[in-house]
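So the structure is just underneath, and the comments pick up after that.
Heads up: numbering here begins at 1 and tracks the sequence. Computed from a predicted structure; not experimentally measured.
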Amino acid sequence: MDKMKMALLLLCCASFVVAIAEASEFWEDFYVNFGDWKVQYPGNETGKIVDLALDQETGSGFRSKYPFLFGQIGMKLKLVGGNSAGTVTSFYLASVYEKWSELDFEFLGNTSGDPYILQTNVFCEGKGDREQRIYLWFDPSEDYHYYGILWNKDLILFMVDDVVIRVFHNPKDLGLPYLEYQPMYVYSSIWNGESWATRGGAEKCDWSQQPFVASYKEFDVDSCRVDSHGEEHEDTHECYKKLYSSWYGQPEFGKLTKKQVDDLKRIQYNYVIYDYCTDAGRFNSTPPECARNWPQYWSES
C-alpha cells in the first residue's frame, strides 16, 4: 500500500475512534417513541445503556429528537441471545418528508445455534427493493458491536465495527435518486416479525422465552442537525454547505480505501446469502446501480 493510501486509512480509523470516544448519552439526541414501559436503563449511569424489550404484547423503540443530514451515525448493539426466532431488531435512518427514504440495519432472529442474519436496505425517494442479507462472522448476542452509517454526497457506507459491509454510490448520473436533501431521523426498535423474519416465517417466536431484550449503548451522532425538522429549506441548505467543511465531506471520504475494497470483497464472497442484484426471478434485468456497488466489477487500484 502506498503512503497516500496508508495516510487515508489511518485518518479514517482515527475519525472512527474519535466518533466513538465522543458518543453521546441517550437523552441528548433520542426519546422513546413506543413501548416505553418495556424500556430499561441498566447500569450506574442512567442513559448510557438502553435495553429494548419485546413480549407478546408489544415491542419497543426510540427515535432521534431531530433529523440529520450527512455524517456518521451509529451505535453499539448487543442482540437477543438464545432462541430469537421471529424477532427483528433494527437500527435505521428514515426521512418522513415528501418522498420516503430509509437506510436500514435489520437483525433477523435465529433459532439457537444458527447464525444471525443482517439485512440492509436502501430507499431513495420512495425507491427501495435493494435488500442484501449477510451472515455475521461473530455471535452478536455475546457482546456489543458497532453498527454505523457514513453518508456524504458521493456514497453511503454500512459498517460493522471497523469493516465496511456494503457501499451504495451516488447513482444520479444513472437517472436514479440519491439521498441529498433528505434529512433523516434515527430509529431503533425490536418487534415481532415472525411472519417473515426467520426462514421465511417458518420459525415463530417462542413466547416462553419472553421478554426478548436487545441492548444499545455509545450513541454516535457526528452529523448536521436540522433544527426545523425539515420544514424550512434553509436549515437543509446550511447542512449541505457544512458538508464541505466537515471531515466526512472531504474528497478522501468520497471513495473507498484499499482495505475497504478488500473487506467488501471478503463479505461478498464469504458472507452474502442474498443480494437483490443477483435476483433474476425478481428483476427482468440487473438494476443499473449494481455494477458500481459490486466489488468484483471494480478495477484494482
Kindly determine whether Asp262 and Lys259 satisfy side-chain contact (heavy atoms from CB on, under 4.5 Å), including the steps that lead there.
CA-CA 5 Å; Asp262 290 344; Lys259 177 188 181 301; 5.6 Å; no

Are Arg166 and Asn293 close enough, and set up right, to give a side-chain contact (heavy atoms from CB on, under 4.5 Å), and what steps lead you there?
CA-CA 8 Å; Arg166 182 175 182 177; Asn293 297 324; over 6 Å; no

Residue pair Ser215, Ile49: steps toward the side-chain contact (heavy atoms from CB on, under 4.5 Å) verdict
CA-CA 7 Å; Ser215 188; Ile49 299 176; 3.3 Å; yes

For side-chain contact (heavy atoms from CB on, under 4.5 Å), just list the numbers for Lys76 and His145, CA-CA rounded to whole Å, side-chain angles, deciding distance to a tenth of an Å, and then say yes or no.
CA-CA 5 Å; Lys76 285 189 173 182; His145 290 268; over 6 Å; no

Evaluate Phe253 against Tyr248 for ring-ring contact (aromatic ring centres under 6.0 Å, His included), listing each step before the verdict.
CA-CA 6 Å; Phe253 293 99; Tyr248 50 79; 8.7 Å; no

Test salt bridge (charged side-chain N to carboxylate O under 4.0 Å, His left out) applied to Glu57 and Lys38, step by step
CA-CA 10 Å; Glu57 177 188 10; Lys38 307 294 182 184; 3.0 Å; yes

The test is side chain to side chain donor-acceptor pair (under 3.5 Å); show your working for Asp279 and Tyr274 and say whether it passes.
CA-CA 8 Å; Asp279 192 340; Tyr274 175 81; 2.7 Å; yes

Begin with the C-alpha distance, continue with both residues' side-chain angles, and end with the deciding distance and a verdict on salt bridge (charged side-chain N to carboxylate O under 4.0 Å, His left out) for Arg130 and Glu289.
CA-CA 10 Å; Arg130 297 188 175 103; Glu289 73 273 14; 2.8 Å; yes

Report the C-alpha separation of Tyr147 and Phe107 in whole Å, then their side-chain angles, then the decisive distance to 0.1 Å, and conclude whether the ring-ring contact (aromatic ring centres under 6.0 Å, His included) test is met.
CA-CA 11 Å; Tyr147 304 93; Phe107 304 89; 4.7 Å; yes

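Side-chain polar atoms of Ser90 and Tyr187 form no donor-acceptor pair below 3.5 angstrom. Under 3.5 Å, the side chains of Glu203 and Thr198 contain no donor-acceptor pair of N or O atoms. A donor-acceptor contact closer than 3.5 angstrom links the side chains of Tyr116 and Ser84. No side-chain donor from either of Asp154 and His169 sits under 3.5 Å from a side-chain acceptor of the other. Remark: the Trp247 side chain and the Asp222 side chain contain an N/O donor-acceptor pair separated by less than 3.5 Å. A donor atom on one side chain and an acceptor atom on the other are not found under 3.5 Å apart for Asp275 and Thr278. A donor-acceptor contact under 3.5 angstrom links the side chains of Asp220 and Tyr146, judged on distance only. Between the side chains of Arg133 and Gln119, at least one donor-acceptor pair of N or O atoms lies under 3.5 Å. Looking only at atom types and distance, the side chain of Ser112 has no donor-acceptor partner in the side chain of Asn83 under 3.5 Å away. For the residue pair Trp207 / Gln209, no side-chain donor-acceptor distance below 3.5 Å is found, with atom types taken as modelled.
Counting only heavy atoms from C-beta outward, the side chains of Ser64 and Tyr31 never approach each other to under 4.5 Å. Contact check for Ser60 versus Ile190: side-chain heavy atoms found under the 4.5 Å cut-off. Using a 4.5 Å cut-off on side-chain heavy atoms (C-beta onward), Gln182 and Glu125 make contact. Counting only heavy atoms from C-beta outward, the side chains of Val186 and Phe62 never approach each other to under 4.5 Å. Inter-residue side-chain proximity for Cys224 and Leu243 is flagged as unmet; no heavy-atom pair is nearer than 4.5 Å. Under the 4.5 Å side-chain criterion, counting only non-hydrogen atoms from C-beta, Ser95 is not in contact with Trp100. For the pair Asn192 and Thr87, the minimum side-chain heavy-atom distance is 4.5 Å or more. Here the side chains of Asn110 and Ile117 are not in contact, with every heavy-atom distance at 4.5 Å or above.
Aromatic rings from Tyr240 and Phe70 are positioned such that their centres are separated by under 6.0 Å.
The cationic atom of Arg225 (NZ for Lys, CZ for Arg) does not lie both less than 6.0 Å from the six-membered ring centre of Phe68 and within 45° of the ring axis.
The CE atom of Met184 sits 7.5 Å away from the CD1 atom of Ile149 when rounded to the nearest 0.5 Å. Interatomic distance, Thr120 OG1 to Ile165 CD1, rounded to the nearest 0.5 Å: 5.5 Å. To the nearest 0.5 angstrom, Phe158 atom CZ is 9.0 Å from Phe168 atom CZ. Rounding to the nearest 0.5 angstrom, the gap separating the OG atom in Ser228 from the OH atom in Tyr66 is 10.0 Å. Here the CD-NZ distance, from Glu180 to Lys172, works out to 4.0 Å after rounding to the nearest 0.5 Å. In this structure, CG in Leu155 is found 9.0 Å from CG in Asn170, a value given to the nearest 0.5 Å.
Ala53 and Pro211 get closest at one heavy-atom pair: CB-CB, 4.2 Å. In terms of heavy atoms, Val39 sits closest to Gly35 at CG2-O, 3.5 Å. Minimum heavy-atom separation, Asp51 to Pro42: OD2-CG, 3.4 Å. Of all heavy-atom pairs between Pro288 and Leu174, the closest is O-CD1, 3.6 Å. Phe219 approaches Lys48 most closely through the heavy-atom pair CE1-O, 4.0 Å. Looking at every heavy atom in both residues, Val88 comes nearest to Gly193 through CG2-CA, 3.9 Å.
A salt bridge is absent between Lys204 and Glu194: the closest approach of a Lys/Arg side-chain nitrogen to an acidic carboxylate oxygen does not fall below 4.0 angstrom. With salt bridges taken as basic N to acidic carboxylate O contacts below 4.0 Å, none links Asp263 and Lys258. A salt bridge does not link Lys78 with Asp143: none of the charged nitrogens is closer than 4.0 Å to a carboxylate oxygen.
Phe34 and Leu52 fall into different hydrophobic clusters, where Ile, Leu, Val, Met, Phe, Trp and Tyr residues are linked whenever their side-chain heavy atoms come under 4.5 Å apart, directly or through other members. Taken together through direct or relayed side-chain contacts under 4.5 Å among Ile, Leu, Val, Met, Phe, Trp and Tyr, Tyr144 and Val213 form parts of separate hydrophobic clusters. Residues Leu118 and Val163 are members of one and the same hydrophobic cluster, defined by side-chain heavy-atom contacts under 4.5 angstrom among Ile, Leu, Val, Met, Phe, Trp and Tyr. Residues Val272 and Ile156 share a single hydrophobic cluster, defined by chaining ILVMFWY side chains whose heavy atoms lie under 4.5 Å apart. Criterion: ILVMFWY side-chain heavy atoms under 4.5 Å apart, direct or through other members. Under it, Trp137 and Leu77 are part of a common hydrophobic cluster.
Within the 3.5 Å criterion, the main-chain N or O of Glu238 finds no donor-acceptor partner in the side chain of Asp235. Side chain of Trp151 to main chain of Leu179: a donor-acceptor pair is present (N/O by atom type, distance under 3.5 Å, no hydrogens or angles).
Applying the 6.0 Å contact sphere to CZ of Arg266 captures more than 12 heavy atoms from other residues, nucleotides or ligands.
Partner of Val50 under the side chain to side chain contact (heavy atoms under 4.5 Å, CB included) criterion, chosen from Phe26, Phe30, Trp27: Phe26.
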